[in-house]
Protein chains: 2
Amino acid sequence: MASIKDVASRAGVSVATVSRVLNDHPAVRPDTRTRVLEAVAELGYRPNAVARSLRTDQTRTLGLVISDVLNPFFTELARSVEDEARALGYSVIIGNADERPEQQDHHIRTLLDRRIDGLLVSPTDGGSPLILDAVRSGTPMVFVDRWIPGIGNDVPVVRTDGCDAVRDLVAHLHGLDHRRLAIIAGPAATTTGRERVRAFREALAAFGLPLPDEYIGQGDFQADSGRRAMARFLDLPVPPDAVFAADNLMALGAMDEIRARGLRVPDDIALAAFDDIPWFLHTDPPITAIAQPTGELGRAAVRSLIDRVEGRPAPSVTVSARLVVRRSCGASEGSPR
Amino acid sequence: MASIKDVASRAGVSVATVSRVLNDHPAVRPDTRTRVLEAVAELGYRPNAVARSLRTDQTRTLGLVISDVLNPFFTELARSVEDEARALGYSVIIGNADERPEQQDHHIRTLLDRRIDGLLVSPTDGGSPLILDAVRSGTPMVFVDRWIPGIGNDVPVVRTDGCDAVRDLVAHLHGLDHRRLAIIAGPAATTTGRERVRAFREALAAFGLPLPDEYIGQGDFQADSGRRAMARFLDLPVPPDAVFAADNLMALGAMDEIRARGLRVPDDIALAAFDDIPWFLHTDPPITAIAQPTGELGRAAVRSLIDRVEGRPAPSVTVSARLVVRRSCGASEGSPR
DNA sequence: CCTCCTCGTGGAATCGATTACAAAGAGGAT
DNA sequence: ATCCTCTTTGTAATCGATTCCACGAGGAGG
């Protein structure tokens, strides 16, 4: 592949001049500029980003480590992140942790080795030593969706606050005469895992409803765990009459289990989920869900990170989720307010 | 961040020696090696991959340009590609073309600028000049899923052959007394867009069934186009009694339209799709689909590409799809053969 | 004791860019 | 003609690694 030297000799100038033309440095005579650009075109020259990065100490690349690519929420997030980054002149390298801390660490390590300019992380755990290292190493970092408490001062957090939406959901369920409400929680090591339970518990309290321990199923954000949690609920002497799954995959698993037992949603049991995804429109029945503004989340995270990368102060951002009512809790379609 | 020089001076050796230790060069005295490794550990040193790439002219990175991240088929493909690549010591940079040729070109260009070692492409079009350039530039390349005819000699193709499965599907539909079969096709610019129509047409012919032009809907692999195509079918004086969508998103759109008109699957019209995805189990009704061995496809593509990258001959690979019968065509669940 | 090898190590070139600094040339002021 | 300034260009250092080559020490063989 042609290098800057080839261009220089073809245009009859030095490499410095070629570099200046390429970087729009003003001190180049117009006719020199044209000669260089001609040489560039003739050779089909493209600057070597590796060499450039080495010299300038910036890669114009961001890293994004997400918890699970197969979860539509995260792929939509990844998509919006990439879109916004591209618009701002950055590329994105995506690492999929698959909800496994060691795989997350692997990705963080290789991204750091590649000297990405900034790192967007949705941590799968409570904070591995490597993440703390990464923060200290000085690479700009922003948490998105999930975060790790305790390093909030150094690392902005871009997330969704679902409290109001969870309250709306509980109100919706209550209004449909559901009184025995249960939740399938995410891993306690993640903030989203804990917070959604907390919000749910508080909302229940506001309606004077209890949340007994056996109505808290422990899941791991994967479909199978939702299925198992639902099985345990249904095996209880007094099963819940409504179940809230803390993410879309667990809701899917829960629905499997319900169907496998010949029960029906919402007649036999109501079901709702955190995270709205296009497929929820097409399930049987369509699923009531709490929708995060995923695109907005991703774009805000990128802007925040790039602010940091370029030396500006980076804001933490919190956006709000909203309830999308469908038929899985017994109501007819239509959204509140 | 610490560089190799810092390690060298801390260990009291030259940078050459440090480099030898890091690369497992045998000609290093054991005690020197330990001293160096200690210095590495104390400084938390990690080699700069950018500098290394510049010198060695290899990045140990592969590029993957897919047509649409929001399509579960492609995210599963991306996942398996990344898994296999990681196992073989490579990273993957994913570019999402969003079915737009210019965005595809953007990604190919930046990947090439980054001097990735090899490129995996599922082209959105019939071959932009840039792709041809990329091939000529000598960067190892492999097509996955879709390909571009005419440059097959230089570029291996790893794909699924769905002919048998399509024939099984047609037999299945025929067995359920469907006689007016229609297809929602993908873009004619893509190989998968054309091939699935061809396979369908041939299978129909084998059963003595016609495929009139008005039974060929033109889609673009996105949900909306599926919806429009289905609308046109349903507006025909004699609508089809079974529709085969050439990908999962168009099937989804088609189902929307059917539902919006108050019709039911499979009672009023049968529906089947190319590409099986987990969600098809949960739609109403579960959708009969042709399943590609997506993981296998991705892994084979990576192995083929890496063969090429490392100078071995790279095979083209064709795997077979199979029919997964569910309820959307009228049969009860269970798979043929 | 001298020569020749082998082993371990360091010096320096190199990859392809950017950029500080120097220098050459043009043009204007005196 | 001389000096100064400004514009345009080239030379060379630099980023952080890898790797060729040379060199010194030590052992083997004569």
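As the structure is a computational prediction, the values presented were derived from the model and not from experiment. Residue numbers start from 1 in every chain, and the chains themselves are labelled A, B, ... in the order their sequence lines are given, proteins ahead of strands.
Side-chain polar atoms of B:R114 and A:S91 form a donor-acceptor pair below 3.5 angstrom.
Only A:S3, A:I4, A:K5, listed by number, bring a heavy atom of residues 3-14 of chain A to less than 4.0 angstrom from any atom of DNA chain C. Of all the residues in residues 49-58 of chain B, B:L54, B:R55 reach under 4.0 Å from DNA chain C with at least one non-hydrogen atom. Using a 4.0 Å cutoff on non-hydrogen atoms, no part of residues 26-42 of chain A comes near DNA chain C.
A:R35 pairs by the side-chain hydrogen bond (donor to acceptor under 3.5 Å, both in side chains) definition with nothing, not counting sequence neighbours.
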message: Could you walk me through whether B:D145 and B:R159 satisfy the salt bridge (charged side-chain N to carboxylate O under 4.0 Å, His left out) test, starting with their C-alpha distance in whole Å, then the side-chain angles of each, then the deciding distance to 0.1 Å, before giving a yes or no?
response: CA-CA 4 Å; B:D145 182 46; B:R159 57 181 279 264; over 6 Å; no
- request: Run the numbers on B:R136 and B:D154 for salt bridge (charged side-chain N to carboxylate O under 4.0 Å, His left out), then give the verdict.
  value: CA-CA 9 Å; B:R136 266 194 299 273; B:D154 302 317; over 6 Å; no
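The minimum heavy-atom distance between A:E99 and A:T124, with the atom names listed, is CA-CG2, 3.4 Å. Minimum interatomic distance between A:E76 and B:L70 (heavy atoms only, all atoms of both residues): CA-CD2, 4.0 Å. Closest non-hydrogen pair, A:A2 versus A:D6, comes out as CA-OD2, 3.3 Å. Heavy atoms only, all atoms of each residue included: B:P47 and B:L22 are closest at CG-CD2, 4.3 Å.
B:R20 places its CZ atom 8 Å from the C1' atom of D:dT19, with the value rounded to the nearest Å.
With respect to the salt-bridge test (charged N to carboxylate O, under 4.0 angstrom), the residues B:R79 and A:D98 qualify. The pair A:E296-A:R303 does not meet the salt-bridge criterion, since no charged nitrogen lies less than 4.0 angstrom from a carboxylate oxygen.
For DNA chain C, the contact window with chain B, defined by any atom under 4.0 Å from a protein heavy atom, covers C:dG8 to C:dG16 in 5' to 3' order.
Annotation for A:D57: atom CG does not count as buried by contact number, only 12 or fewer foreign heavy atoms lying within 6.0 Å.
End-to-end axis angle of the helix from C:dC1-D:dG30 to C:dT30-D:dA1, using five pairs per end and rounding to 10°, comes to 60°.
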